[in-house]
A.B. asks: 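Have a look at the structure that comes next, please.
One is the number of the first residue; the rest follow in order along the sequence. As the structure lists them, so they are numbered: ligands from 1, and atoms in each ligand from 1.
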Amino acid sequence: MQKLSIRGGTPLSGEVRVAGAKNAALPILAAALLTAAPVRVRNLPRLNDVRTMVRLLERMGVKAEAGAHEVALDARMVAEPFAPYDLVKTMRASILALGPLVARFGEARVSLPGGCAIGERPVDLHIKGLTAMGADISIESGYIHATARRLKGARIFMDTVTVTGTENLMMAACLARGTTVLENAAREPEVADLARCLIAMGARIAGHGSDVITVEGVDALFGVDHVVMPDRIEAGTFLAAAAATRGTVVLTDAPVGALDAVIEKLRAAGAEVDVGSDTVRLAMKGRPRAVGLRTAPHPGFPTDMQAQFIAMNAVAEGTALVTETIFENRFMHVQELRRLGAHIDIEGNTAVVHGVPALAGANVMATDLRASASLVIAGLVAEGETVIDRIYHLDRGYERIEERLGQLGARIERVS
Ligand code: EPZ
């Protein structure tokens with residue numbers, strides 16, 4: 001099994017381009033199921049999850065022609081509106097096929113996503129919303145089975161802010177009869193990028209980016225050629241790595257408008273951050289200062305950046321309180337960071353991070369995607385060698401990370 005070997009202690013420096021956003025690409029690929037017309041998606045990150053989504057679509061009968069960072073999709077013929085367990089178990093985001101399939105084909109059979117390392121992650125709000133739109137839903141042998149002659153518009157209040165729940169219902173509502181109002185909707189930039197793509201396909205959507213989204217259903221959607229937005233979590237990860245290593249980096253193609261909460265915390269840690277029209281330059285002259293944070297739905301501090309900031313706080317001056325409010329089990333990286341000499345206490349859903357002057361390299365294990373990013377950051381800071389096992393987690397969300405960090409001067413390589 002592949003591992004990453006990192007020799008720490010080098011301040012990152014140089015320039016790196018931010019890749020397309022995984023969490024925008026996945027729903028946008030699923031949206032191809034909503035139309036019989038050709039769909040081209042560009043600026044796709046080369047990630048396992050993107051490959052899995054394309055395979056899932058092909059499994060249903062969608063024709064796909066993949067290029068390096070783009071794919072052409074033809075969903076004229078969907079032989080089977082079916083998302084099998086063997087694919088869904090590798091990627092929960094497969095649930096994003098549910099809304100489009102039942103909306104366009106009146107039927108869908110999608111494996112119920114199982115448990116996840118970071119939390120229980122039910123999909124009850126997806127099901128509740130589709131039921132409100134008139135779908136008949138049953139769970140049989142681990143599969144969600146949904147049927148509807150034609151969905152109808154509905155007013156749906158979501159008890160909890162859910163990103164893929166909002167995306168699933170917004171896609172389904174595009175082909176419903178009448179108007180749907182999604183209240184307490186997710187405001188994540190990826191939801192807005194999906195809405196932009198759907199509007200270019202002829203959908204009538206308003207309010208995306210706010211917590212009330214209105215969708216007026218239409219009879220059919222057109223084709224589209226969409227460029228996926230840059231990845232704000234990847235961008236944030238590079239910035240946190242630069243701050244932790246006391247480096248100076250420039251991000252190009254950066255999703256500047258989507259990084260406010262992260263940049264605010266980096267500045268509070270003592271970093272100089274200059275924001276251009278699509279660039280972000282960060283310079284951290286001295287040791288970072290400890291910064292406390294509380295994760296929240298957008299525009300709050302993203303839970304997908306929590307682990308990376310714990311790694312930065314592990315070597316910061318002072319003590320930081322980091323509270324996780326979205327997922328109930330998202331501190332798996334803490335035990336591994338302690339192996340590198342970090343001093344962190346867990347009290348309920350808060351990590352109390354006592355900054356230490358230095359970390360020391362060791363063997364550690366990745367447990368989920370963002371946890372693995374925090375181990376990479378800690379390894380870049382630690383003296384000596386850090387070896388990270390189970391990096392398949394990392395490959396799900398970061399394209400060729402060792403090459404791009406190598407570009408910034410990191411001593412990092414993939415080993416087996
Ligand atoms: C999306 O997951 C992202 N994934 C996650 O990124 C991200 O952590 C999460 O949003 C929060 O920002 C993709 O976009 C593919 P949620 P999602 O539904 O949509 C509860 C990464 O690292 N909930 O917004 O699955 C749920 O348990 C990944 O790239 C219900 O109770 O997350 C959680 O506590 C990890 N019922 C909260 O809502 C539901 O039906 C938010 O989850 C749905 C969700």
Side-chain angles (χ1 to χ4, degrees), residues 19-31 45 47-50 52-53 56 88 90-99 110 112-132 137 139 144 156-172 182 184-194 211 228-229 231-237 258 261-262 294-308 324-330 332-333 349 366-374 393-399:
K22 168 180 81 79
N23 291 346
L26 298 177
I28 286 167
L29 291 168
L47 302 172
N48 290 347
D49 277 9
V50 168
T52 303
M53 184 59 90
L56 180 67
V88 176
T90 65
M91 183 186 69
R92 313 176 49 79
S94 310
I95 190 78
L96 287 162
L98 181 63
V110 173
L112 201 59
C116 169
I118 65 176
E120 195 201 321
R121 302 185 75 178
V123 292
D124 57 315
L125 297 173
H126 301 234
I127 292 171
K128 201 170 145 210
L130 287 171
T131 306
I137 299 188
I139 312 276
I144 303 167
I156 300 167
F157 179 84
M158 288 173 277
D159 303 334
T160 306
V161 174
T162 161
V163 174
T164 50
T166 300
E167 293 166 342
N168 234 335
L169 299 177
M170 183 168 71
M171 288 192 277
L182 301 177
N184 200 27
R187 303 170 58 186
E188 269 63 9
E190 295 77 20
V191 173
D193 198 30
L194 170 64
D211 60 357
V228 172
M229 68 172 285
D231 195 318
R232 65 192 170 106
I233 305 299
E234 179 185 88
T237 302
V262 169
R294 192 179 174 79
T295 65
H298 193 83
F301 189 91
T303 173
D304 294 347
M305 282 301 301
Q306 174 256 94
Q308 298 91 318
E324 174 58 54
T325 71
I326 308 289
F327 293 110
E328 60 275 22
N329 186 35
R330 203 168 202 181
M332 302 281 276
H333 40 285
N349 65 346
T367 49
D368 63 79
L369 168 55
R370 307 304 171 182
S372 42
S374 83
H393 288 292
L394 201 62
D395 291 335
R396 297 191 51 181
Y398 296 92
E399 183 178 332

A.B. asks: What protein heavy atom is closest to atom 15 (C) of ligand 1, reported as residue, atom name and distance in Å?
C.D. replies: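 Its nearest protein heavy-atom neighbour is Asn23 OD1, 3.3 Å.
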A.B. asks: Output yes when Asp211 and Arg187 qualify as a salt bridge under the 4.0 Å nitrogen-oxygen rule, no when they do not.
C.D. replies: no
A.B. asks: How long is the gap from CZ on Arg370 to CD on Gln308, to the nearest 0.5 Å?
C.D. replies: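 If we round to the nearest 0.5 Å, Arg370:CZ and Gln308:CD are 6.5 Å apart.
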A.B. asks: May I ask you to check if ligand 1 and Thr160 share an N or O to N or O distance below 3.5 Å?
C.D. replies: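 No.
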A.B. asks: What atoms in ligand 1 come closer than 4.0 Å to a heavy atom of Arg330?
C.D. replies: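 Here the atoms of ligand 1 in question are 8 (O), 22 (O), 35 (C).
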A.B. asks: Is it the case that ligand 1 has an N or O less than 3.5 angstrom from some N or O of Leu125?
C.D. replies: yes
A.B. asks: Give yes if a backbone or side-chain nitrogen or oxygen of Arg370 is under 3.5 Å from a nitrogen or oxygen of ligand 1, and no if not.
C.D. replies: yes
A.B. asks: Could you check if a side-chain atom of Cys116 sits within less than 4.5 angstrom of a side-chain atom of Arg92, using non-hydrogen atoms only?
C.D. replies: yes
A.B. asks: Report yes if Thr162 has an N/O atom closer than 3.5 Å to an N/O atom of ligand 1; otherwise report no.
C.D. replies: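 Yes: some nitrogen or oxygen of Thr162 is under 3.5 Å from one in ligand 1.
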A.B. asks: Mind checking the OG1-CG spacing from Thr52 to Leu26? Nearest 0.5 Å is all I need.
C.D. replies: 9.0 Å
A.B. asks: Which atoms from ligand 1 have a heavy atom of His126 less than 4.0 Å away?
C.D. replies: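 In order of number, 40 (O).
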A.B. asks: Could you check whether any heavy atom of Pro122 sits closer than 4.0 Å to an atom of ligand 1, since that is the contact criterion I want to use?
C.D. replies: yes
A.B. asks: So is Lys22 in contact with ligand 1, going by heavy-atom distances below 4.0 Å?
C.D. replies: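 So Lys22 counts as touching ligand 1.
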A.B. asks: Just wondering, do Leu130 and Leu98 contact through their side chains at under 4.5 Å, heavy atoms?
C.D. replies: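 A side-chain contact under 4.5 Å exists here.
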A.B. asks: Looking at atom 36 (N) of ligand 1, what's its closest protein heavy atom, distance included?
C.D. replies: Asp124 OD1, 2.7 Å
A.B. asks: What protein heavy atom sits nearest atom 9 (C) of ligand 1, and how far away is it?
C.D. replies: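 For atom 9 (C) of ligand 1, the nearest protein heavy atom comes out as Phe327 CZ, 3.9 Å.
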A.B. asks: Pairs of nitrogen or oxygen atoms closer than 3.5 Å, one from Thr164 and one from ligand 1: do any exist?
C.D. replies: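 Yes, Thr164 has an N/O under 3.5 Å of an N/O on ligand 1.
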A.B. asks: Identify, with sequence neighbours excluded, every residue that meets ring-ring contact (aromatic ring centres under 6.0 Å, His included) alongside Phe301.
C.D. replies: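 Phe309.
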A.B. asks: Between Val163 and ligand 1, find which residue part has any heavy-atom pair under 4.0 Å and reply side chain, backbone, both or neither.
C.D. replies: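 Both parts.
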A.B. asks: Mind running salt bridge (charged side-chain N to carboxylate O under 4.0 Å, His left out) on Arg330 and Asp304 for me, showing each step along the way?
C.D. replies: CA-CA 10 Å; Arg330 203 168 202 181; Asp304 294 347; 2.8 Å; yes
A.B. asks: Hey, what do you get for CG (Asp193) to CD1 (Ile28), rounding to the nearest 0.5 Å?
C.D. replies: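 One finds 4.0 Å between CG of Asp193 and CD1 of Ile28.
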A.B. asks: Does some side-chain heavy atom of His393 sit less than 4.5 Å from a side-chain heavy atom of Asp395?
C.D. replies: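 The answer is no; the side chains never approach within 4.5 Å.
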A.B. asks: Are the charged groups of Lys128 and Asp159 less than 4.0 angstrom apart, N to O?
C.D. replies: yes
A.B. asks: Nearest non-hydrogen atom to atom 2 (O) of ligand 1 belongs to which of Arg121, Met91, Arg92?
C.D. replies: Arg121
A.B. asks: How would you list, by chain and number, every residue that makes a side-chain contact (heavy atoms from CB on, under 4.5 Å) with Pro189, sequence neighbours excluded?
C.D. replies: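 Only Met229, Arg232, Ala258, His298 meet the side-chain contact (heavy atoms from CB on, under 4.5 Å) criterion with Pro189.
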A.B. asks: Taking only heavy atoms of Ile326 into account, list the atoms of ligand 1 that are under 4.0 Å away from them.
C.D. replies: 33 (C), 34 (O), 41 (C)
A.B. asks: Should Ile127 be listed as contacting ligand 1, given a heavy-atom distance under 4.0 Å as the test?
C.D. replies: no
A.B. asks: Identify which of Val161, Asp304, Thr303 has a heavy atom lying nearest to atom 5 (C) of ligand 1.
C.D. replies: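 Shortest heavy-atom distance from atom 5 (C) of ligand 1: Asp304.
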